[in-house]
Structure formats: structure tokens, C-alpha cells
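The next block holds one structure in the form of C-alpha cells; read it before the comments.
Chain A is the first sequence line, chain B the second, and so forth, proteins listed ahead of strands; every chain is numbered from 1. The analysis underlying the following values was restricted to heavy atoms, covering all of them including side chains, and did not include hydrogens, waters or symmetry mates.
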2 protein chains.
Amino acid sequence: MTISRKAEYGLRAMVILAASPPEKPMQIQELSELGGIPAKFLEQILLVLRRGGLLRSKRGVGGGYQLGKAAREISIGEIVALVDGGLCALAAHAAADDQEFTGARGLRDALSEIDALVNARLNAVTLDDIVLRDSPDAMLAFGI
Amino acid sequence: MTISRKAEYGLRAMVILAASPPEKPMQIQELSELGGIPAKFLEQILLVLRRGGLLRSKRGVGGGYQLGKAAREISIGEIVALVDGGLCALAAHAAADDQEFTGARGLRDALSEIDALVNARLNAVTLDDIVLRDSPDAMLAFGI
DNA sequence: GCGAATCCGACCAGATCGGTCGGGAATTGT
DNA sequence: ACAATTCCCGACCGATCTGGTCGGATTCGC
């Protein structure tokens, strides 16, 4: 029921990239140090993020990673979905086997409703939102 | 990111109990058959539910399980929290190690906000809501 | 005391988690 | 051409978690 460390690492890396000047690629090593993420582990995470189109990469000297889309067009939902292998459904089991007891449908409905809620929220928050929210002077805009 | 089968089983059992006449205890065997749950597995789930005060049990002939509180006073949040061992925090890792990179706080905030949202929802839905929602003629009351 | 039922600890196979390792392939600088 | 740099990628690995099962101890009603 907790977010996986893998997804958390992926989020960190993406947030760091979103907060950096977008033209200069950042290497795994630097990303690893800034985010406190084991470098070789981060490597495979970035790989799936790239395959999913959320990152672009460049090899050789001066290479590294950049965002594949604008920061405002990447939601944290996309990121965790990619990294955690697509499955992000609270009601997975309940929906799969259609066991029929009194209250079964009510249970399924209640769970999938909550599931839809969290997914909607996850897909609504973008990297842009996060870096904006992080700078204290932007807080006023959010009314926090 | 998916709800555990254990929690799902716990929910099923509780819903079944909530939908049954509350005075007569129901045995593991019957609960197991109605819910399609392996009996011995269900046994340990019911045990922690009882230790948590959500169930009362009676031993010997004519024994079994009954709800420990009124169905309207048991939320599905309580159930999954007990069965899945208490931890139900989306932002667990992010909060634990306070790694400091640009955007760290924004990320923590965003995650814990969503976490709070799903928890609030989980704690708001009661067993009563679920069994009510299950009977089709009650749908109108919900505007579904 | 007998049978029905819960209680409870031990065990277990397989999957997942959180990484590590080592090398290959592409790109750039000299 | 060659070396340095950087990503690419498959294999592996120990620890923990998942989803159970088993066997027996305990308690209750009769």
C-alpha cells in the first residue's frame, strides 16, 4: 500500500531534471548524488522512463538525460505507472475474480471509486506544479 | 500500489458479516465459502481483526464471528489498516529520509496530499455504506 | 468427556524488492 | 585511429513479503 522506492527514485530524478536548465543534459552520476539514489539502480529506472518517452538521452561525453516533454506535460501519475509496471489499481483483485456474495458489488464500487480518485489526482499533478510549489515565494499563488 | 489480497479478503468477510443478521455468529467455514476465501488463511485474518476490536468471537458449538461495533461505525480504512499492518502511507519513503534536492519538499507535499485524500476517503466509507449501496433500490438515494 | 469451533505458532514455496556487476555500444575529443 | 566518456542492458543475488498450509492447543456447549 506504500509507493515503491523505485517509483520514489524515479520521481526524484524527474523533479530534479524539471528544476534544472533543460538544455544541458544531466548524467546519471550527478542525478544520483543530488537525489541520494544508488547510481546503478537509478540507471535502470531512467531506462524505462526513457523507453516510455518521458526522457531523452544522449551518449558519449557531455551526454546525459533531459526531459522528453515539457515539465508541465508530465504528470507524476505517468511516472509511477511506468516505473511500477503500469499497475496502479486499488480495486485490482476485487474486479478480477467476480466472486458473488451479498455486498460484493458495493465493495467493488467503493474501491474503484477511491481508485479513480487517487488516479485522477496523480495524473493532475505535473512536474511543473511540484517545482513551483517548492519555491517558498510561489506559495502565495497556491494560497498555502 | 495494489491493495493486498489479505486486505481484500478481510474486507469481504466484514462486508458479508455486515450484511447478515448480527445476532447469529457466523463460522469461518461459512464465511470462507461465501467469500471464496481459503479457510485457514481467512482464519488468521479474522484473528487480527478481532484483536483490533473490529470483531467479536465465540468458541465452541454455535460459535463464530460477529461485528465488534455497529456496521456504520466500521470504516474500510480501519480494516485495511489492521490487516495490512497499519502502514497505508503513499509518502512513506519520501517523508522518512529527508533528502534535500531542489523540489524535494514540493514532492513530499504533493505525495502526502494525495495520501491524505485517499485515507480520508477510506475512513469515510463504512460497512453500512457498502451493503446499502449494494441493494439496487437504494441506488436512487445516492443519485447513481 | 466429546465434538465443535476458535486460537495460534510454525512452516513453506514462490514472487517481489532493492539493489549490484560486468560488459557492450554509441558518441565525442584528440 | 584511438581513448575516454557515457548510456544500454541482461544476469544475478540476498532479504523480505505474499499467500497460503499444517497441526495442535484451547474453550465452549452438551
Side-chain angles (χ1 to χ4, degrees), chain A residues 1-13 17 24-33 35-52 54-68 80 83-88 92-94 96-97 99, chain B residues 1-13 17 24-33 35-66 68 80 83-88 92-94 96-97 99:
Chain A
M1 205 46 195
T2 313
I3 199 172
S4 79
R5 239 182 185 86
K6 209 165 173 179
E8 162 77 18
Y9 289 160
L11 286 173
R12 282 192 203 176
L17 283 173
K24 205 173 63 178
M26 187 177 289
Q27 295 97 328
I28 294 181
Q29 198 51 44
E30 187 175 357
L31 231 27
S32 153
E33 285 160 11
I37 310 169
K40 291 298 278 181
F41 194 33
L42 177 58
E43 202 177 309
Q44 26 176 263
I45 298 171
L46 296 180
L47 220 46
V48 328
L49 250 17
R50 193 213 45 152
R51 290 195 188 112
L54 263 43
L55 285 179
R56 275 180 309 146
S57 62
K58 249 179 102 177
R59 300 206 254 197
V61 302
Y65 287 92
Q66 329 173 34
L67 295 185
V80 304
V83 175
D84 274 356
L87 44 95
C88 189
H93 304 314
D97 50 65
Q99 193 67 28
Chain B
M1 205 50 195
T2 312
I3 200 172
S4 79
R5 235 179 189 89
K6 208 166 173 178
E8 161 78 16
Y9 287 161
L11 285 172
R12 282 192 203 176
L17 284 173
K24 204 173 62 175
M26 186 176 291
Q27 295 97 328
I28 293 181
Q29 198 50 45
E30 188 174 358
L31 231 27
S32 152
E33 284 160 12
I37 309 170
K40 291 299 276 183
F41 194 32
L42 178 59
E43 201 177 309
Q44 25 175 262
I45 298 170
L46 296 180
L47 221 46
V48 328
L49 251 16
R50 194 213 46 153
R51 291 196 187 113
L54 263 42
L55 286 179
R56 275 180 308 146
S57 62
K58 251 179 102 176
R59 300 207 255 197
V61 302
Y65 288 90
Q66 331 174 29
V80 304
V83 175
D84 273 357
L87 43 96
C88 190
H93 305 313
D97 51 65
Q99 192 69 27

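- For the pair Arg5(A) and Glu8(A), the salt-bridge criterion is not met [side-chain N within less than 4.0 Å of a carboxylate O].
- One atom, CD of Gln66(A), and another, P of dT6(D), lie 14 Å apart when rounded to the nearest Å.
- Per the geometry, CG belonging to Leu46(A) stands 8 Å off P belonging to dC7(D), to the nearest Å.
- OP1 or OP2 of dC9(D) sits under 4.0 Å from a side-chain N or O of Arg50(A).
- Of the candidates dA26(C), dG20(D), dG19(C), the closest approach to any side-chain atom of Arg59(A) belongs to dA26(C).
- Distances were taken from every side-chain heavy atom of Pro38(A) (C-beta onward) to each of dT28(C), dT20(C), dA4(C); the shortest belongs to dT20(C).
- Contact check, Tyr65(A) against dC8(D): a side-chain N or O comes under 4.0 Å of OP1 or OP2.
- Rounded to whole Å, atom C1' of dG23(C) lies 11 Å from atom CD of Glu43(A).
- At dG20(D), one or more side-chain N or O atoms of Tyr9(B) fall inside 4.0 Å of OP1 or OP2 (strictly under the cut-off).
- Nearest nucleotide to the side chain of Val61(A), out of dG19(C), dG20(D), dT5(D): dT5(D).
- Whole-Å rounding puts the Glu8(A) CD to dC17(C) P distance at 15 Å.
- Arg51(A) comes within 4.0 angstrom of the backbone, heavy atoms only, and of no base.
- Residue Arg5(A) has its side chain nearest to dG19(C) when only dC7(C), dT6(C), dG19(C) are considered.
- The minimum heavy-atom distance between Arg50(A) and Leu55(A), with the atom names listed, is CG-O, 3.3 Å.
- Scanning atom types as modelled, no donor and acceptor separated by under 3.5 angstrom connect the side chain of Gln27(A) and the base of dC7(D).
- Of the candidate nucleotides dA25(C), dT28(C), dG19(D), dG19(D) has the atom nearest to the side chain of Ser4(B).
- Relative to the side chain of Phe41(A), the nucleotides dT27(D), dG19(D), dG18(C) differ in distance, and dG18(C) lies closest.
- Below the 3.5 angstrom threshold, one finds a donor paired with an acceptor across the side chain of Lys40(A) and the base of dG22(C).
- Spacing between atom CG of Asp84(A) and atom C1' of dG18(C) amounts to 12 Å, rounded to whole angstrom units.
- Rounded to whole Å, atom C1' of dT5(D) lies 17 Å from atom CE of Met26(A).
- When heavy atoms are screened at a 4.0 angstrom cut-off, Gln29(A) is found touching no nucleic acid atom at all.
- Minimum interatomic distance between Val80(A) and Ala7(A) (heavy atoms only, all atoms of both residues): CG1-CB, 4.2 Å.
- Straight-line distance from the CD atom of Glu30(A) to the P atom of dT5(D): 16 Å, rounded to whole Å.
- Minimum heavy-atom separation, Ile3(B) to Leu11(B): CD1-CD1, 4.0 Å.
- Listed here is the closest heavy atom pair of Leu42(B) and Ala13(B): CD1-CB, 4.0 Å.
- Of the candidates dT5(D), dT27(D), dC8(C), dC8(C) carries the atom nearest the Leu47(B) side chain, counting heavy atoms from C-beta on.
- Between the side chain of Gln44(A) and the base of dT20(C) there is at least one donor-acceptor pair of N/O atoms closer than 3.5 Å.
- Nearest to the side-chain atoms of Ser57(A) among the listed nucleotides dG18(C), dC8(D), dG20(D) stands dC8(D).
- Nearest heavy-atom pair, Gly36(A) versus Tyr9(A), reported as atom, atom and distance to 0.1 Å: O-CE2, 4.4 Å.
- Nucleotide dT6(C) holds its P atom 4 Å from the CD1 atom of Ile28(B), rounded to whole Å.
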